[in-house]
Structures are given as structure tokens and as C-alpha cells.
Amino acid sequence: MRERGVFITLEGADGCGKSTQAALLVDALVARGREVVRLREPGGTPISEKVRALLLDPANAEMVPECELLLYEASRAQLVRKVIEPALERGAVVLCDRYYDSTYAYQAGGRGLDEALVRMANALGGCGLAPDRTLVLDLDPRTAYARATSGGTDRMEAEGLAFQERVRAAYLRLAREEPARVRLTDASGEKDEVTARLLDALRDLWG
Ligand code: TMP
């Protein structure tokens with residue numbers, strides 16, 4: 001039987017440098033001879049990309065938090081069943097830029113939806129699939145927010161700095177609650193230094 005792959009998720013508030021680090025991590029993992037599937041949430045399937053457009057469009061300012069929660073979960077379920085599970089079954093490393101911890105941080109932490117409800121929704125949207133390791137990039141919220149909004153704001157970023165501070169606080173709680181899976185990583189400093197910290201937090205996964 002072929003070995004199951006490894007499911008890694010990258011998390012953090014907007015502007016923490018996730019996309020840059022995802023690209024650098026992929027390079028580092030490919031150099032180690034692994035098949036790496038890089039994904040981002042919401043997105044990654046035709047249906048999920050359409051849901052992404054709905055979620056991020058500033059014209060949808062009227063969207064209520066419950067609708068938002070369910071759309072993130074709908075996008076996720078499609079991605080898990082169509083892309084993530086098949087990739088893990090063939091032994092690939094799946095690196096996903098955001099996953100259900102974003103829903104915990106943004107919809108429970110940021111929006112204030114009931115935590116137990118969000119966790120149940122996450123169980124459904126994630127189809128019961130938990131990441132093997134979650135890397136949370138942590139950066140001073142002012143620096144991150146300034147970076148995220150320098151080229152304009154999407155519907156989520158338009159919520160402002162106080163929202164991002166609640167998101168960060170939720171990530172910090174998560175890292176305290178689940179230290180084996182969720183690793184908080186200092187995202188300040190040079191890009192290569194941050195990548196080295198992230199690789200360090202993955203080292204025990206390769207056996
Ligand atoms: P991105 O900017 O990292 O591509 O993510 C899109 C936005 O969606 C970002 O502001 C975080 C937000 N988000 C949630 O609020 N809940 C979620 O479950 C996910 C995956 C993203």
C-alpha cells in the first residue's frame with residue numbers, strides 16, 4: 001500500500017506573508033523530492049473559486065455572518081473531496097494556504113459567531129479531515145494590516161484593524177490549545193529566515 005501524504009496548512013491574519021511563504025515552502029519541499037500540491041482557500045476547484053469571488057466581492061457588504069460561514073464551508077467541502085483527499089491518497093504533500101482554522105479565527109474570533117457552532121460547521125466543511133500540521137504566521141497586526149491593504153481592500157480586509165486583532169487573538173488561543181498540531185511562527189525578519197523557521201516546525205513530519 002502506498003504511504004498516505006501529508007496535509008499542511010498555513011494560517012495567519014491578512015498581510016502576514018503567507019502567500020510568499022507558501023511559494024518558498026513549495027520550492028523547499030520539491031527540492032526534497034516530494035510531490036507538492038499547493039492550494040488556497042477559499043478556492044482550488046471551479047465551484048470553490050466562484051464561491052471565493054462571492055465572499056471577497058466588496059459589493060456583497062450586506063452578507064450576514066451565517067451566510068459567510070456556510071459559504072466558506074461549502075467551498076472547503078468541494079476542495080477536500082475533489083482535490084485534497086485524492087492528493088493525500090496518492091502520497092502527495094498538500095500545502096493549503098488557509099483551512100478551517102481561518103474559519104475559527106475569522107468567523108468565531110473576528111465576527112463573534114458562537115465557537116461551538118463554528119467548530120461543528122468546520123467538521124462538516126472539512127469532511128472530517130484535520131491537518132497534520134498547521135503553521136500560523138504571526139506578525140504585529142498593524143504591520144500586517146498596512147501591508148494587506150496597501151493595494152486596496154477586499155470585503156474581509158475592509159473590516160479594519162480591530163477585526164484583524166481579534167483574528168490574531170483567536171490564532172494565539174488555538175496555538176495554546178493544540179500545541180502538537182498548531183505551531184506559532186514568528187513572521188518578522190527576512191523571508192528566508194521565516195521559511196527556515198517554518199521548515200523547522202515541519203521537521204518531525206518526514207520521519
Ligand atoms: P486570502 O486573502 O488569504 O486569500 O483569504 C481570503 C480572505 O478570506 C481572508 O481575509 C481570510 C478570509 N477567510 C475567512 O474569513 N474564513 C475562512 O474560512 C477562510 C478560508 C478565509
Side-chain angles (χ1 to χ4, degrees), residues 7-26 38-45 47-61 63-80 83-84 94-115 117-127 129-131 134-139 141 143-171 173-174 182 185 187:
F7 183 27
I8 300 164
T9 58
L10 262 182
E11 295 282 354
D14 291 280
C16 68
K18 263 185 313 87
S19 310
T20 307
Q21 287 304 323
L24 293 169
L25 270 182
V26 170
R38 180 183 168 188
L39 301 166
R40 69 160 180 192
E41 263 222 81
T45 75
I47 292 174
S48 311
E49 289 293 333
K50 285 183 185 162
V51 177
R52 179 185 177 89
L54 274 177
L55 279 163
L56 299 186
D57 186 349
N60 289 333
M63 189 181 293
V64 299
E66 290 81 0
C67 174
E68 179 180 285
L69 170 67
L70 293 170
L71 285 175
Y72 278 114
E73 301 296 358
S75 160
R76 175 167 307 136
Q78 189 70 15
L79 182 68
V80 169
V83 183
I84 300 179
V94 174
L95 182 68
C96 196
D97 183 336
R98 298 196 181 284
Y99 190 58
Y100 61 28
D101 298 305
S102 281
T103 315
Y104 174 78
Y106 283 76
Q107 278 65 54
R111 294 276 186 231
L113 282 176
D114 180 71
E115 271 193 35
L117 202 96
V118 169
R119 287 186 199 276
M120 278 194 294
N122 276 345
L124 179 62
C127 305
L129 179 70
T134 296
L135 305 169
V136 176
L137 286 169
D138 188 48
L139 197 60
T143 311
Y145 189 63
R147 204 198 267 174
T149 54
S150 63
T153 55
D154 63 31
R155 195 181 61 85
M156 299 305 289
E157 290 158 354
E159 289 297 327
L161 180 60
F163 182 91
Q164 296 290 334
E165 283 171 343
R166 292 198 296 280
V167 167
R168 179 183 185 225
Y171 278 127
R173 272 201 308 280
L174 206 61
V182 182
T185 307

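Indexing begins at 1, ligand by ligand and atom by atom, following the structure's order. FYI, the numbering just counts along the sequence from 1.
Counting heavy atoms under 4.0 Å from ligand 1, residue T103 touches it through both backbone and side chain. Of the heavy atoms in L55, none comes closer than 4.0 Å to ligand 1.
In this structure, R168 contributes its side chain and D138 its backbone to no donor-acceptor pair below 3.5 Å. Judged by distance alone, with hydrogens and angles left aside, the side-chain atoms of Q107 form no donor-acceptor pair with the main-chain N or O of G112 at under 3.5 Å. Under a 3.5 Å cut-off, the side chain of R52 and the backbone N or O of P42 do form a donor-acceptor pair. E11 places a side-chain N or O within 3.5 Å of a backbone atom of Y99 that can act as its donor or acceptor partner.
Taking atom 14 (C) of ligand 1 as the reference point, the nearest protein heavy-atom neighbour is Y72 CZ, 3.1 Å. For atom 1 (P) of ligand 1, the closest heavy atom belonging to the protein is R98 NE, 3.7 Å. Protein heavy atom at the shortest distance from atom 7 (C) of ligand 1 is L56 CD2, 3.7 Å.
Considering backbone and side-chain N/O of Y99, none are found under 3.5 Å from N/O of ligand 1. At a 3.5 angstrom cut-off on N or O pairs, D14 counts as close to ligand 1. For ligand 1, one of its N or O atoms has an N or O atom of R52 under 3.5 Å away. By the 3.5 Å distance cut-off applied to N or O atoms, Q107 is counted among the residues near ligand 1.
L129 and Y100 get closest at one heavy-atom pair: O-CE2, 3.7 Å. Among all heavy-atom pairs drawn from L79 and C96, the shortest one is CD2-SG, 4.3 Å.
Heavy atoms of R76 come nearer than 4.0 angstrom to ligand 1 in at least one pair.
Ring pair F163/Y106 is tilted by interplanar angle, where 30° to 60° counts as tilted.
Nearest to atom 11 (C) of ligand 1 by heavy atom, out of Y106, Y104, F163, is Y106.
Atoms of ligand 1 lying under 4.0 Å from any heavy atom of K18, numbered from 1 in the order shown and given with element: 3 (O).
Counting heavy atoms from C-beta outward, L69 and E66 have side chains that stay 4.5 Å or more apart.
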